[in-house]
Amino acid sequence: VEMSEQTFDMITELLGAGVPHIVEQILQSLDEKSLAMSEQVSSIWRDVVEDLQIWKHVIKHKTASSPLWRGLFKRRGWNKYLDMPPAEQISRQFYRQLCHSACKDIHSLEANWTRGHYTLTRVETGSVVHCLQCDRIKIVTGHNDSTIKVWDRSTLQLLQLLKGHK
């Protein structure tokens, strides 16, 4: 039995059927590498990714779900681009390039952490720390002497001492 090769371009077929929202959902479910590869399939696919702002969606999803992405975007001042209306965008490739830059930076951060290339700051707490929790403003430590200490994250100064906690 001889088999003929047939190709089926689901993205183009769905667009032709008038259901771009399904195409959008499919493309938004891809990781960064797969999305970049999908753009290489054809100029139609590349245009669809750009027109539907799939890269912008990927970035918004990452910054909403990952503290690392969120922190990177805040430190770099890139948050302003996440709510930018389409008419104000610099170029059609802007979000692809932004996502690539963020992925590269995050890879460097993770590699530095894995290799031990980071700076530790020692804070004298006066007792053994059993637990630690922090946010963007403060650090809270729980100690073996039944105290909780609240520290300013930027200056590492003690802000509050709570006694008698177990």
Side-chain angles (χ1 to χ4, degrees), residues 20-39 46 48-166:
H21 63 283
I22 294 175
V23 171
E24 188 173 13
Q25 289 176 346
I26 291 168
L27 293 172
Q28 286 177 354
S29 70
L30 299 176
D31 61 34
E32 299 84 23
K33 187 175 180 178
S34 299
L35 184 58
M37 290 172 58
S38 74
E39 288 183 306
R46 185 177 54 252
V48 168
V49 169
E50 290 172 355
D51 291 344
L52 294 177
Q53 296 188 331
I54 303 300
W55 285 108
K56 183 176 182 179
H57 170 80
V58 167
I59 293 169
K60 281 186 157 190
H61 175 74
K62 290 285 193 178
T63 56
S65 61
S66 166
L68 189 55
W69 275 74
R70 195 169 30 259
L72 176 67
F73 269 69
K74 182 180 179 182
R75 280 189 303 280
R76 298 277 195 263
W78 294 342
N79 283 332
K80 64 185 174 190
Y81 300 119
L82 299 182
D83 296 318
M84 184 181 284
E88 295 180 24
Q89 291 173 16
I90 299 166
S91 72
R92 288 174 54 124
Q93 299 84 21
F94 178 76
Y95 288 105
R96 179 190 315 113
Q97 294 164 348
L98 186 60
C99 191
H100 176 73
S101 294
C103 287
K104 187 176 174 184
D105 286 355
I106 286 171
H107 177 75
S108 292
L109 285 169
E110 289 173 340
N112 286 341
W113 180 259
T114 302
R115 293 184 194 121
H117 297 162
Y118 50 84
T119 303
L120 290 177
T121 302
R122 186 175 183 90
V123 178
E124 186 55 52
T125 64
S127 58
V128 176
V129 175
H130 282 283
C131 59
L132 179 139
Q133 182 69 43
C134 65
D135 61 22
R136 294 180 180 140
I137 300 166
K138 63 188 171 300
I139 301 169
V140 179
T141 54
H143 300 262
N144 68 336
D145 62 359
S146 299
T147 61
I148 295 175
K149 296 179 181 178
V150 181
W151 309 83
D152 180 284
R153 185 168 175 175
S154 60
T155 65
L156 301 178
Q157 295 298 308
L158 181 63
L159 299 175
Q160 192 173 8
L161 173 63
L162 306 168
K163 295 181 179 182
H165 294 274
K166 295 185 183 217

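A search for side-chain contact (heavy atoms from CB on, under 4.5 Å) contacts involving Glu39 returns Arg46, Val49, Glu50, Trp55, Arg96, not counting sequence neighbours. Listed by chain and residue number, Leu27, Ser34, Leu35, Ser38 satisfy the side-chain contact (heavy atoms from CB on, under 4.5 Å) test with Leu30 (two or more places apart in sequence, or in another chain). Annotation: side-chain contact (heavy atoms from CB on, under 4.5 Å) contacts of Ile26 (sequence neighbours excluded): Met10, Ile11, Leu14, Ile22. For Asp83, the salt bridge (charged side-chain N to carboxylate O under 4.0 Å, His left out) partners are Lys60, not counting sequence neighbours.
Taking all atoms of both residues into account, the shortest heavy-atom contact from Gln160 to Leu158 is O-CD1, 3.5 Å. Here the closest heavy-atom approach between residue Leu82 and residue Lys56 is recorded as O-CE, 3.0 Å. Closest heavy-atom contact between Ser127 and Asn144: CB-OD1, 3.5 Å.
Among residue pairs with one or both ends in residues 104-114, those qualifying as side-chain hydrogen bond (donor to acceptor under 3.5 Å, both in side chains) are Arg76-Asp105; sequence neighbours excluded. Residues in residues 129-141 take part in these side-chain hydrogen bond (donor to acceptor under 3.5 Å, both in side chains) pairs, two or more places apart or across chains: Asp135-Lys138, Thr141-His143, Thr141-Trp151. Legend: side-chain hydrogen bond (donor to acceptor under 3.5 Å, both in side chains) pairs involving residues 61-74, not counting sequence neighbours, sorted by first then second residue: Glu32-Lys62.
A heavy-atom distance below 4.5 Å is not found between the side chains of Leu132 and Val140.
Distance check, rounded to the nearest 0.5 Å: CZ of Arg153 to SG of Cys134 gives 4.5 Å. In this structure, CG in Leu72 is found 6.5 Å from CG in Leu109, a value given to the nearest 0.5 Å. Taken to the nearest 0.5 Å, the CD atom of Gln25 stands 9.0 Å off from the OG atom of Ser29. Here His21 contributes atom NE2 and Gln28 contributes atom CD; the two are 12.0 Å apart, rounded to the nearest 0.5 Å.
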Passes side-chain contact (heavy atoms from CB on, under 4.5 Å), Ile54 versus Glu24? Steps please. CA-CA 7 Å; Ile54 303 300; Glu24 188 173 13; 3.9 Å; yes
From CA spacing to verdict: side-chain contact (heavy atoms from CB on, under 4.5 Å), Leu162, Thr147: CA-CA 5 Å; Leu162 306 168; Thr147 61; over 6 Å; no
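Using a distance-only test at 3.5 Å, with no hydrogens or angles considered, a donor-acceptor pair links the side chain of Tyr95 to the main chain of Tyr81.
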